[in-house]
Amino acid sequence: MVGESAMAAGDGRRRGRGPLIAGAADWALWRLPRRGLVWYLLVVDVVAVAGTALAAVRFPPSRPVLLPFVVLLAGLLVCAELCRTVERARADVLDPGIDIPWIFAGVLILPPGAAAGLVVVSGAYRWLRVRRRAPHRQVFGVAATVCAAVLASVFLGFTVGDPLYGIGADSRVAGLIFVSGLVFFLVNAGLVRLLGAPASSGYVFDAAMVALGVVLAVLLAGAPLVVPLLAGAVVVLHRGSLTRARREVTLDSLTAVLTAESWREAAKAEAARLRRGPGAAALLLDLDRFGQLNDWHGRGVGDAVLRAVADALRAEVRSADLVGRSGGGEFAVLLPATGRFDALAIAERLRLRVAATAVSLKSAGDAPQFAGTTVSIGVAALPGDGDTLDDVLAAARGALDRAKRSGRNRTVCAETGPAS
């Protein structure tokens, strides 16, 4: 089995190491395809910590900051919780999303150390409540935003001092605040883009969120009672964007996963986005002897099994993963930012979950009866098994065919042979 073989291999590597060192050696960070990416991630993380410390010493608080920090923190957490569904549905991006207005307002109101604290709390909340991606990616996303916030705050500290005084009447101050917003936006987007990942779900969205941060800071300074109205409007608009996006996606009427056409379109966009960055993996799943199940128990039972399998797949994958039905008893899953080894483990987990899934049958006797199925899975990685989605799917198709020929109910990786 995949888990057993990986554990056995890991035991040999860990022999003679302490538990802390052995755990660190297994981090997904060290399995990135290019060593330069590892160093880049680590350097940005270190710069974020060191820069925050230096800025906090150079620009200590010039006035009480506890109250505005608490207000901004409370607003950030409330808006993030109300928009949690929307944030989960966004692409696997590294920007703070709906938290940006509160963070940039902190850049304008708070000293650099406190502004960085808002970013850290935002990142921790997103890890706990929104989405858990690979830890090194999540930490890097927070570090990139910290660098952007601290740099913008330091720029204002050197040029303006307290930027809120004179923003309405002094065109020079207003211009410098605009520059600081540009610095925040470009640094955050640039650092993430250099990683090869998308900086956001839309640059226009991020720019609008930064502009809202300026308005929020002004209101906090002069008309704090209006802040809840602005925050409420942002939440309503952001939640409305999810409704519009869902209307544009076509779901399979039986299983409520993406149709083949919708899945392919979304998967192509994701593959193009991730090909030069963290990569992706594709799984092709085909229910074993599904035609016979329909013949034995009828179409109604077959449809119930398909719905149960689709529910099981959605329950096991992440919110950012794409699940679609290709037709008949075949499903496809795209796993963004997932390497071959992790994809193989996920596929094996899906195989075991499907094998344990069953639907109840009507029985004339006292004993309950159930119908279930098993699944064969082909796994392929981008870019390891191809440079385009079509190439990766072809490799996954070949692996799936080998799984069928090897006896079904198996997970097979392209170029590696059966895994179970």
Side-chain angles (χ1 to χ4, degrees), residues 1-10 13-14 22-42 91-94 131-141 192 194-198 267-285 313 316-323 332-352 377-400 402-403 410-420:
M1 303 293 286
V2 170
E4 294 171 352
S5 61
M7 188 179 299
R13 290 191 303 266
R14 295 180 187 129
D26 288 338
W27 289 352
L29 173 65
W30 314 122
R31 297 196 298 269
L32 291 177
R34 296 194 301 273
R35 184 58 56 184
L37 284 178
V38 176
W39 284 109
Y40 177 67
L41 291 171
L42 294 176
D92 186 27
V93 296
L94 299 178
R131 177 190 301 157
R132 293 192 180 189
R133 57 173 68 91
H136 65 269
R137 284 175 57 81
Q138 199 125 10
V139 171
F140 173 81
V192 176
L194 286 175
L195 181 65
K268 274 190 174 181
E270 282 289 278
R273 181 174 68 85
L274 297 167
R275 182 170 61 87
R276 294 184 179 179
L283 314 180
L284 289 184
L285 307 88
L313 295 181
E316 287 291 334
V317 301
R318 304 163 299 183
S319 59
D321 299 333
L322 299 176
V323 181
V333 180
L334 186 77
L335 306 171
T338 304
R340 180 184 281 106
F341 180 84
D342 291 333
L344 193 58
I346 293 170
E348 184 66 4
R349 191 175 73 234
L350 295 177
R351 184 187 69 82
L352 295 174
I377 307 178
V379 182
L382 175 81
D385 298 313
D387 292 329
T388 66
L389 178 66
D390 291 337
D391 293 339
V392 173
L393 291 179
R397 173 67 62 184
L400 175 59
R402 295 204 306 277
R410 293 171 182 266
T411 300
V412 173
C413 188
E415 301 181 348
T416 64
S420 63

[X] versus [Y], closest heavy-atom pair with distance:
X    : Y    : answer
L334 : P336 : O-CD, 3.3 Å
L284 : A332 : CD2-CB, 3.8 Å
A343 : V379 : CB-CG1, 3.9 Å
V192 : F140 : CA-CE2, 3.9 Å
R137 : A337 : NE-CB, 3.9 Å

Query raised in the report: Rounded to the nearest 0.5 Å, what separation is found between the CG atom of L393 and the NZ atom of K268?
Result: 9.5 Å
Query - Rounded distance (nearest 0.5 Å) linking atom CG of L382 with atom CG of L335 - result: 11.5 Å
Query raised in the report: Between D321 (side chain) and R318 (backbone), is there a donor-acceptor pair under 3.5 Å?
Result: yes
Query raised in the report: Within the side chain of R402, is there an N or O that forms a donor-acceptor pair under 3.5 Å with the backbone of C413?
Result: yes
[X]: what forms a side-chain contact (heavy atoms from CB on, under 4.5 Å) with it, not counting sequence neighbours?
X    : value
A380 : D385, V392, A395, A396, A414
V323 : V257, L313, V317, V333
R349 : E316, I346

Report task. Could you pull out all residues at least two apart from D391 that satisfy salt bridge (Lys or Arg N to Asp or Glu O under 4.0 Å)? Result -> none
Query - Verdict with supporting geometry, T411 and L344, side chain to side chain contact (heavy atoms under 4.5 Å, CB included) - result: CA-CA 7 Å; T411 300; L344 193 58; 3.5 Å; yes
Query raised in the report: Are side-chain heavy atoms of L285 and R351 found at a separation under 4.5 Å?
Result: no
